[in-house]
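Letters A, B, ... are given to chains in the order of the sequence lines, protein chains preceding strands, and every chain is numbered from 1.
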Protein chains: 2
Amino acid sequence: MAEGTRRTPLSRERVLRAAVALADGSGAGGGAGGSGGAGGDGAVGGSAGVEALSMRKLAQELGVVPMALYKHVANKEELLAGMVDAVVGEIDPPAPGADWKDVVRQRVLSARRVLRHHPWAPRVIESLPAPTPAMLDHLDSVIGTFRSGGLSADLTHHAMHALGGRVLGFSQELFDASPPGGTPAGQTAPEAAAQAAELAARYPYIAEIAASAVHTDGSVISGGCDDQFEFEFALDLLLDGIDRLHRRGWTSSAHRGGPSAAPAGG
Amino acid sequence: MAEGTRRTPLSRERVLRAAVALADGSGAGGGAGGSGGAGGDGAVGGSAGVEALSMRKLAQELGVVPMALYKHVANKEELLAGMVDAVVGEIDPPAPGADWKDVVRQRVLSARRVLRHHPWAPRVIESLPAPTPAMLDHLDSVIGTFRSGGLSADLTHHAMHALGGRVLGFSQELFDASPPGGTPAGQTAPEAAAQAAELAARYPYIAEIAASAVHTDGSVISGGCDDQFEFEFALDLLLDGIDRLHRRGWTSSAHRGGPSAAPAGG
DNA sequence: CAAGGTAGGCGTACGCCGTACACTCGTCAA
DNA sequence: TTGACGAGTGTACGGCGTACGCCTACCTTG
């Protein structure tokens with residue numbers, strides 16, 4: 001390498017941006033070319049996701065030696081927190097005006113939109129030992145929307161818990177609709193069909209649900225069901241329930257006793 | 001080591017049990033004593049959780065060399081799946097008789113009880129590439145309860161999505177109520193109070209919520225709010241919403257159009 | 001201009017990880 | 001007796017995060 005070309009210096013921001021890009025899967029944006037040869041048999045560490053993000057790979061992407069990164073981030077955990085902070089910071093600010101339900105709805109859907117671009121983020125967020133500043137800003141702002149809408153602090157507290165990860169744009173879609181084992185890459189169509197049939201025999205209700213999803217759609221979208229619709233369904237369900245409690249003047253202290261004291265009951 | 005004592009042979013089940021115990025944090029149940037000295041500076045890998053579970057530590061716990069484990073599990077991923085399968089298998093079978101809502105409720109609460117004993121399980125479950133047989137059994141059984149209760153396949157499908165991880169006993173309680181940074185182990189009470197005050201100034205709504213939780217409880221329980229109550233609140237909210245839709249004959253196809261087509265609206 | 005401080009990047013090294021591969025050894029059937 | 005076989009062993013490799021010390025380009029100050 002000719003040393004005449006002056007390398008743009010590292011910075012915390014540049015490190016974080018490269019890390020996010022690497023986790024997103026959009027690698028190979030740096031300058032220096034790395035060694036071509038790969039390792040032997042391990043085969044661990046895909047081309048995207050947190051698995052693909054190692055300090056060494058990130059350094060290579062930036063054309064720098066691994067230890068150089070430690071001048072800008074304390075350690076890998078702080079790097080991950082910084083990445084989350086950057087991503088969460090992309091969530092739209094609250095739209096002014098509309099009523100609290102709409103505002104929260106827009107906020108959450110914006111968060112979802114952002115997180116969909118960084119599929120690694122939910123897992124990383126859940127692995128953090130503490131929320132990042134941007135997360136706290138977002139949570140605080142959502143809480144503020146509830147409170148400004150007239151909800152009691154008590155109800156808002158429970159509402160935030162009920163919304164859970166949805167506030168940050170993700171709900172755990174446990175697995176996509178593909179069958180377990182997910183067509184292991186070297187499988188013919190008849191084999192897959194046979195496996196599906198066996199599965200249907202073993203788990204009839206699951207099969208029925210999957211089939212009904214396909215019928216309802218009219219076509220198979222993203223494995224047979226509409227993620228976005230599912231997300232909004234759950235979101236609206238929760239929001240409407242919360243709204244009803246609010247209008248009813250519900251208070252948690254009146255329901256502490258019985259385990260079956262349904263909040264939206266009777 | 002005296003080689004007179006015949007070691008009970010390994011088996012897949014013994015490996016899985018030891019792995020679960022190690023992840024639970026109840027280690028040191030094996031036979032052979034390991035080397036005392038620990039490593040130098042890394043300090044990664046606590047005394048419990050998935051972090052603490054390495055093939056090497058597990059082997060040591062079983063008084064065996066690491067590679068011996070590979071005669072009983074294909075690799076670490078399969079080990080984790082086996083652990084999850086064992087744990088999910090502990091969930092109570094459905095109680096007969098009562099109406100669908102109660103049955104689901106008991107089932108989910110049983111799942112929660114089980115998972116509370118294995119705090120590492122949710123994270124591992126979310127990291128699995130596909131559901132395990134025991135998970136499929138559980139999901140199928142819950143779906144069956146909905147269907148036997150008269151819910152349409154369509155509504156049941158959406159209900160399962162809405163319930164999400166709760167069906168398996170966990171909802172992401174993003175973080176406990178402790179302040180970020182969580183009293184970093186070398187901190188005096190005045191310092192903590194000052195930090196809390198600063199936090200309250202920066203995030204007024206969060207502080208208000210936290211305070212109201214403490215007041216409602218009358219005492220600080222597990223960081224200021226009752227996890228169990230939060231969990232049941234969200235659960236009942238969702239169940240009642242679903243029940244209402246069911247009794248109303250709600251169908252998803254009538255709500256596909258608008259983005260604000262709230263399922264329980266009006 | 002020289003002298004000295006500073007901070008960013010480098011190289012080396014350590015202990016950990018998962019696991020491929022070839023081995024030994026106890027057991028049992030023929 | 002012998003041969004196959006399966007459980008457990010030993011060694012080794014590539015990868016990981018990162019502690020620690022060095023080297024050098026830069027900026028300040030005189």
Side-chain angles (χ1 to χ4, degrees), chain A residues 1 3-15 18-19 22-23 30-32 34-47 49-82 127, chain B residues 1 3-15 18-19 22-23 30-32 34-47 49-82 127:
Chain A
M1 296 288 179
E3 62 254 27
T5 65
R6 185 143 259 41
R7 196 173 45 226
T8 53
L10 247 43
S11 72
R12 181 178 168 88
E13 199 174 330
R14 223 164 81 80
V15 168
L22 211 163
S35 65
D41 13 42
V44 170
S47 65
V50 232
E51 325 281 76
L53 182 70
S54 71
M55 299 301 273
R56 293 166 129 101
K57 288 225 194 80
L58 175 57
Q60 180 181 309
E61 202 72 22
L62 287 162
V64 114
V65 92
M67 287 314 291
L69 303 174
Y70 287 87
K71 300 286 182 182
H72 303 276
V73 297
N75 47 46
K76 188 173 186 182
E77 193 173 276
E78 208 214 68
L79 173 76
L80 291 173
S127 81
Chain B
M1 307 250 188
E3 62 251 30
T5 65
R6 186 146 254 42
R7 194 174 47 228
T8 52
L10 247 43
S11 72
R12 182 179 167 87
E13 200 175 330
R14 225 164 80 79
V15 168
L22 210 163
S35 65
D41 11 45
V44 169
S47 64
V50 232
E51 325 282 76
L53 182 69
S54 71
M55 299 302 273
R56 294 166 129 100
K57 287 224 192 82
L58 176 56
Q60 179 181 308
E61 202 73 23
L62 287 163
V64 112
V65 94
M67 287 313 292
L69 302 174
Y70 287 86
K71 301 286 180 181
H72 303 276
V73 297
N75 48 46
K76 188 173 186 184
E77 193 173 274
E78 207 215 66
L79 173 75
L80 291 172
S127 81

Which of the following nucleotides, D:dC20, D:dG8, C:dG9, is nearest to the side chain of A:Lys71? C:dG9
Given C:dG18, D:dG17, C:dC10, identify the nucleotide with an atom nearest to the side chain of B:Lys76. C:dG18
Separation of C:dG8 atom C1' from A:Arg12 atom CZ, nearest Å, is 16 Å
When the distance from CE of A:Met55 to P of D:dA19 is rounded to whole Å, what number comes out? 10 Å
As an exercise, state the distance from CG of A:Leu79 to NE2 of A:His72, rounded to the nearest 0.5 Å. 12.0 Å
Atom CG of B:Leu69 and atom C1' of D:dG10: how far apart are they, to the nearest Å? 15 Å
Please tell me which of the listed nucleotides, D:dG8, C:dG18, C:dC10, lies nearest to the side chain of A:Val64? C:dC10
Whole Å only: how far is the CD atom of B:Glu51 from the P atom of C:dC16? 16 Å
Given atom CG of A:Leu62 and atom C1' of C:dG8, what is their separation to the nearest angstrom? 14 Å
D:dC16 P sits how many Å from A:Asn75 CG, rounded? 17 Å
What is the distance from atom CG of B:Leu10 to atom CG of B:Leu62, rounded to the nearest 0.5 Å? 5.5 Å
Looking only at side-chain atoms of B:Met67, point me to the closest of C:dG9, D:dT11, D:dT18. D:dT11
OH (B:Tyr70) and CD (B:Glu78) are apart, to the nearest 0.5 Å, by 11.0 Å
Which residue lies more 5' along DNA chain D, comparing B:Leu10 with B:Arg56 via nearest heavy atoms: B:Leu10
Rounded at 0.5 Å granularity, tell me how far CG in B:Leu58 sits from CZ in B:Arg56. 12.5 Å
Once you round it to whole Å, what is the distance between C1' of C:dT19 and CG of B:Leu79? 14 Å
Please report, rounded to the nearest Å, how far the P atom of C:dG15 is from the NZ atom of B:Lys57. 15 Å
Please determine, for the side chain of B:Ser54, which listed nucleotide (D:dG17, D:dA7, C:dC17) has the closest atom? C:dC17
Looking only at side-chain N and O atoms, does A:His72 come under 4.0 Å of OP1 or OP2 in C:dG9? yes
Nearest heavy-atom contact between A:Ala59 and A:Pro66 is CB-CA, 3.4 Å
